[in-house]
Peer 1: 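Here it is: the structure, laid out below.
So you know, we letter chains A, B, ... as the sequences are listed, proteins then strands, and number each from 1.
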Number of protein chains: 2
Amino acid sequence: MMENDIFKALADPTRRAILEKLSSGEMNASALREGMEISQPAMSQHLTVLRGAKLVQEERHGRFVNYQVNPDGLVFIAQWLTKYRSYWPARIDALKGLLKDMDQ
Amino acid sequence: MMENDIFKALADPTRRAILEKLSSGEMNASALREGMEISQPAMSQHLTVLRGAKLVQEERHGRFVNYQVNPDGLVFIAQWLTKYRSYWPARIDALKGLLKDMDQ
DNA sequence: ACAACACATAAGCAGATACTTATGTGATTC
DNA sequence: GAATCACATAAGTATCTGCTTATGTGTTGT
């Protein structure tokens, strides 16, 4: 199931850190490791999970694989959030109408 | 950490189902169990996790405890999502400005 | 062709997680 | 005030998760 894959993927702090790194531009797996104290296999495994959740996309360039944010998973979460619109604080109430637009 | 508590709490499908039940109105723990095939202790444990993530609020009424959605955790996720605004598909681009308003 | 490189996969393991049964706690009812 | 009810907590356990080390696969450079 899509929903479960996404939330499980985001449950791990290392994977959220990877996503955040990618938010500033696409990067290959080695570049992602820099300053992260994580082994090469661990990174590879995390990227597999993120790809399965449609949170990242990969693109091969020779022997490098560039990863970038995939909006699909994130859009799903935004849509999931709309189920709770009516409970949001009033000061963010203006968001409601726009979130509605996302329902197509 | 707040962020980790929220994402870990949402990683479990049963807890997401509980949240969704609460989205249609406040309910006590026994009412939440109806039609869910979950033991009483399991429900109690899940509600503890959801409360720790500020995704639900409790309110005692005699020997019943009413639970309701707590927007705090959900608002946090919406704010977290804004980090990836620039990767959203164009057709949802209109949302960008509004999400920005949430940054205060 | 071979060595070096970037990354993926396999297998094993320690710790985390979600369940279970049993029992505890506080409120209500008779 | 004793029984019942709604819920919480404790302790044990099977499964899941994320790591490790070892090895495999495909690409590049010489």
Peer 1: Does a donor on one side chain sit under 3.5 Å from an acceptor on the other, for B:Arg16 and A:Asn4?
Peer 2: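 Yes, a side-chain donor-acceptor pair sits under 3.5 Å.
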Peer 1: Look at the side chain of B:Thr82 and the backbone N and O of B:Ala78, then say whether any donor-acceptor pair between them is shorter than 3.5 Å.
Peer 2: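 No, the answer is negative, given that no donor and acceptor are paired below the 3.5 Å cut-off.
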Peer 1: Checking all strands, does A:Arg33 fall into the base, sugar-phosphate, or nothing category for heavy-atom contacts under 4.0 angstrom?
Peer 2: nothing
Peer 1: How many Å lie between NZ on A:Lys8 and C1' on C:dA16, as a whole number?
Peer 2: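 Going from A:Lys8 (NZ) to C:dA16 (C1'), I get 11 Å.
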Peer 1: Return the value, rounded to whole Å, for the distance between atom CZ of A:Arg16 and atom C1' of D:dG18.
Peer 2: 14 Å
Peer 1: I'd like to know if A:Val65 and A:Val49 are part of one continuous hydrophobic network [Ile/Leu/Val/Met/Phe/Trp/Tyr, side-chain heavy atoms within less than 4.5 Å].
Peer 2: no
Peer 1: Is A:Ser39 near enough to D:dT20 that one of its side-chain N or O atoms lies under 4.0 angstrom from OP1 or OP2?
Peer 2: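 For D:dT20, OP1/OP2 do have a side-chain N/O of A:Ser39 under 4.0 Å.
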Peer 1: Whole angstrom is fine here: how far is it from CG in A:Asn28 over to P in D:dT27?
Peer 2: 16 Å
Peer 1: Would you jot down, in residue-number order, the residues of residues 45-65 of chain B having a non-hydrogen atom under 4.0 Å from DNA chain C?
Peer 2: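 B:Gln45, B:His46, B:Gly62, B:Arg63 - these, ordered by number, are the residues of the stretch whose heavy atoms sit under 4.0 Å from the strand.
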Peer 1: Would you kindly check whether a donor in the side chain of A:Gln40 faces an acceptor in the base of C:dA8, or vice versa, at under 3.5 angstrom?
Peer 2: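 Indeed there is one.
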Peer 1: Give the rounded distance in Å between these two atoms: CZ of A:Phe7 and P of C:dA18.
Peer 2: 14 Å
Peer 1: Could you tell me whether the side chain of A:Arg15 and the main chain of A:Ala9 form a donor-acceptor pair under 3.5 Å?
Peer 2: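 It does hold such a pair.
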Peer 1: Between atom CZ of A:Arg33 and atom CE of A:Met27, what is the distance when rounded to the nearest 0.5 Å?
Peer 2: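 Going from the CZ atom of A:Arg33 to the CE atom of A:Met27 covers 14.0 Å.
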Peer 1: Consider only side-chain heavy atoms of I, L, V, M, F, W and Y, link residues closer than 4.5 Å, and tell whether B:Val69 and A:Trp80 are in one cluster.
Peer 2: yes
Peer 1: For a 4.5 angstrom cut-off between non-hydrogen side-chain atoms, does A:Leu55 reach A:Asn70?
Peer 2: no
Peer 1: Which pair of heavy atoms, one from A:Tyr84 and one from B:Ser23, lies closest together, and at what distance?
Peer 2: CE2-CB, 3.5 Å
Peer 1: Grab the two heavy atoms, one from A:Met43 and one from A:Ile18, that are nearest each other, plus how far apart they are.
Peer 2: SD-CD1, 3.6 Å
Peer 1: Tell me which of A:Thr14 and B:Ser30 sits closer to the 5' end of DNA chain D, going by the nucleotide each one is nearest to.
Peer 2: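 Per heavy-atom nearest nucleotide, the more 5' residue is B:Ser30.
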Peer 1: Output the pairing pattern of DNA chain C as a dot-bracket string, 5' first, Watson-Crick or G-U wobble with both distances under 3.5 Å, | for cross-strand pairs, [ ] for crossing pairs.
Peer 2: ||||||||||||||||||||||||||||||
Peer 1: Take the protein atom CG of B:Asn4 and the nucleotide atom P of C:dA16, then report the distance between them rounded to whole Å.
Peer 2: 12 Å
Peer 1: May I have the distance from A:Ile18 (atom CD1) to C:dC7 (atom P), rounded to whole angstrom?
Peer 2: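 Taking atom P of C:dC7 as the reference, CD1 of A:Ile18 is at 13 Å.
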Peer 1: Considering just the side-chain nitrogens and oxygens of A:Tyr67, establish if one lies under 4.0 Å of OP1 or OP2 belonging to C:dA8.
Peer 2: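 For C:dA8, OP1/OP2 do have a side-chain N/O of A:Tyr67 under 4.0 Å.
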Peer 1: Can you measure B:Leu10 atom CG to C:dT17 atom P for me and round it to whole angstrom units?
Peer 2: 14 Å
Peer 1: What is the distance from CD of B:Glu34 to C1' of D:dC7, rounded to the nearest Å?
Peer 2: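 Going from CD in B:Glu34 over to C1' in D:dC7 covers 15 Å.
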